[in-house]
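Predicted, not measured: the structure shown is a model, and the values here were computed from it.
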Amino acid sequence: LGLKKQIYDYVDIRRQLDGAFLLIMGTEVLNEIFRNLLLLYHALDIVDNVFLCGNMAAVFQSAAASSNVKEFRDVQMVIPRILHKARLKKVTLGQVTDSYATKDPSNPDEEPRTVHMESSLPRGYTRCDMGPVSLTNLTSAIRASRLIVLCGTTGSVQYEHHQRGTKGRLASSERDQR
């Protein structure tokens, strides 16, 4: 596995960096979760802040909160280790706390609901992108960072009308550069 190498390629940059290193990590594909959790575990050696998005945040939160994620037994073993290592390394772990959800993600006319991650998703709804509170939190983390690495998606990318949070994050970054 080249997971450690992918992260440690940034070590030379990190040594020269005067300021915070932010890793924004997400995934849209569930079968990439375990691989990304291993990548996150190794990244904790060199990053200052992590912000989890998409399915990465949802699975991380559900596995951390309960022990009944039967499909992801390996995830249940890795997440406590990630939390412990983050505490030891004094890495700030942030994540999506709210998201836009809709019954039919392919329908651009359907107005999405804002759903908090702690509450269960309403029956028949699908999370599509980060919500307004999460966007504000991510924007703050970006503004406080000198090096930012994006690994994976921050939300659903199939439908343009469900890219509010992602596009909002990019727009706020553009405004900050001006």
Side-chain angles (χ1 to χ4, degrees), residues 3-28 32-33 35-65 75 78-101 112 114-119 127-157 160 162-178:
L3 295 176
K4 269 190 175 179
K5 182 176 178 348
Q6 289 177 5
I7 287 298
Y8 288 106
D9 284 345
Y10 290 101
V11 169
D12 289 335
I13 295 170
R14 178 71 179 120
R15 286 187 185 128
Q16 299 169 22
L17 184 66
D18 181 28
F21 181 171
L22 170 65
L23 173 64
I24 303 170
M25 181 169 265
T27 185
E28 190 173 2
E32 293 177 0
I33 294 285
R35 178 192 173 279
N36 283 352
L37 285 172
L38 291 177
L39 185 62
L40 171 59
Y41 181 82
H42 293 298
L44 292 173
D45 288 329
I46 60 170
V47 301
D48 300 298
N49 302 297
V50 174
F51 196 89
L52 302 174
C53 304
N55 283 329
M56 189 77 170
V59 170
F60 190 95
Q61 189 163 20
S62 67
V75 169
V78 173
I79 287 178
R81 291 180 179 149
I82 289 171
L83 292 171
H84 178 72
K85 187 173 183 179
R87 276 190 298 274
L88 287 176
K89 299 282 186 173
K90 297 181 176 145
V91 174
T92 303
L93 286 176
Q95 65 179 339
V96 170
T97 55
D98 64 332
S99 60
Y100 290 113
T114 301
V115 179
H116 295 282
M117 295 296 274
E118 301 86 36
S119 60
R127 284 188 174 92
C128 299
D129 201 1
M130 72 178 78
V133 173
S134 298
L135 176 58
T136 299
N137 294 340
L138 178 56
T139 301
S140 296
I142 289 171
R143 287 182 179 146
S145 300
R146 292 281 309 251
L147 176 63
I148 302 164
V149 174
L150 175 61
C151 178
T153 61
T154 58
S156 178
V157 294
E160 188 168 334
H162 289 302
Q163 297 174 7
R164 275 185 205 187
T166 303
K167 287 186 175 182
R169 176 184 52 79
L170 294 173
S172 69
S173 296
E174 265 182 33
R175 282 191 301 272
D176 288 346
Q177 289 177 359
R178 290 182 197 155

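- Atom CE of Met130 sits about 10.5 Å away from atom OG1 of Thr136, to the nearest 0.5 Å.
- Among residues two or more places apart in sequence or in another chain, the side-chain hydrogen bond (donor to acceptor under 3.5 Å, both in side chains) test is passed with Thr114 by none.
- Separating the CD atom in Gln95 from the CZ atom in Phe51 is a distance of 8.0 Å, to the nearest 0.5 Å.
- Listed by chain and number, the residues in a side-chain contact (heavy atoms from CB on, under 4.5 Å) with Ala86 are Leu44, Val91, Leu93 (sequence neighbours excluded).
- With contacts defined as side-chain heavy-atom distances shorter than 4.5 Å, the pair Val47/Lys89 does not qualify.
- Closest of all the heavy-atom pairs between Ala144 and Ala20 is O-CB, 3.6 Å.
- Each of Thr139, Asp98, Asp129 was scored for a side-chain contact (heavy atoms from CB on, under 4.5 Å) with Ser134, with one residue passing: Asp98.
- Between Met25 and Asn36, the shortest heavy-atom contact is SD-O, 3.5 Å.
- The distance from the OG atom of Ser145 to the CG atom of Leu23 is 10.5 Å, given to the nearest 0.5 Å.
- Distance check, rounded to the nearest 0.5 Å: OG1 of Thr97 to CG of Leu138 gives 11.0 Å.
- In terms of the side-chain hydrogen bond (donor to acceptor under 3.5 Å, both in side chains) criterion, residue partners of Asn49 (sequence neighbours excluded) are, by chain and number, Thr92.
- A heavy-atom distance below 4.5 Å is found between the side chains of Ile33 and Met56.
- For Pro80, there are no side-chain contact (heavy atoms from CB on, under 4.5 Å) partners at least two apart in sequence or on another chain.
- Looking at every heavy atom in both residues, Gly131 comes nearest to Tyr100 through CA-CE1, 3.9 Å.
- In this structure, the side-chain contact (heavy atoms from CB on, under 4.5 Å) partners of Arg87, at least two apart in sequence or on a different chain, are Leu83, His84.
- A distance of 11.0 Å separates CG of Asn137 from CD1 of Ile142, quoted to the nearest 0.5 Å.
- Between atom CZ of residue Arg81 and atom OH of residue Tyr41 there is a gap of 7.5 Å, rounded to the nearest 0.5 Å.
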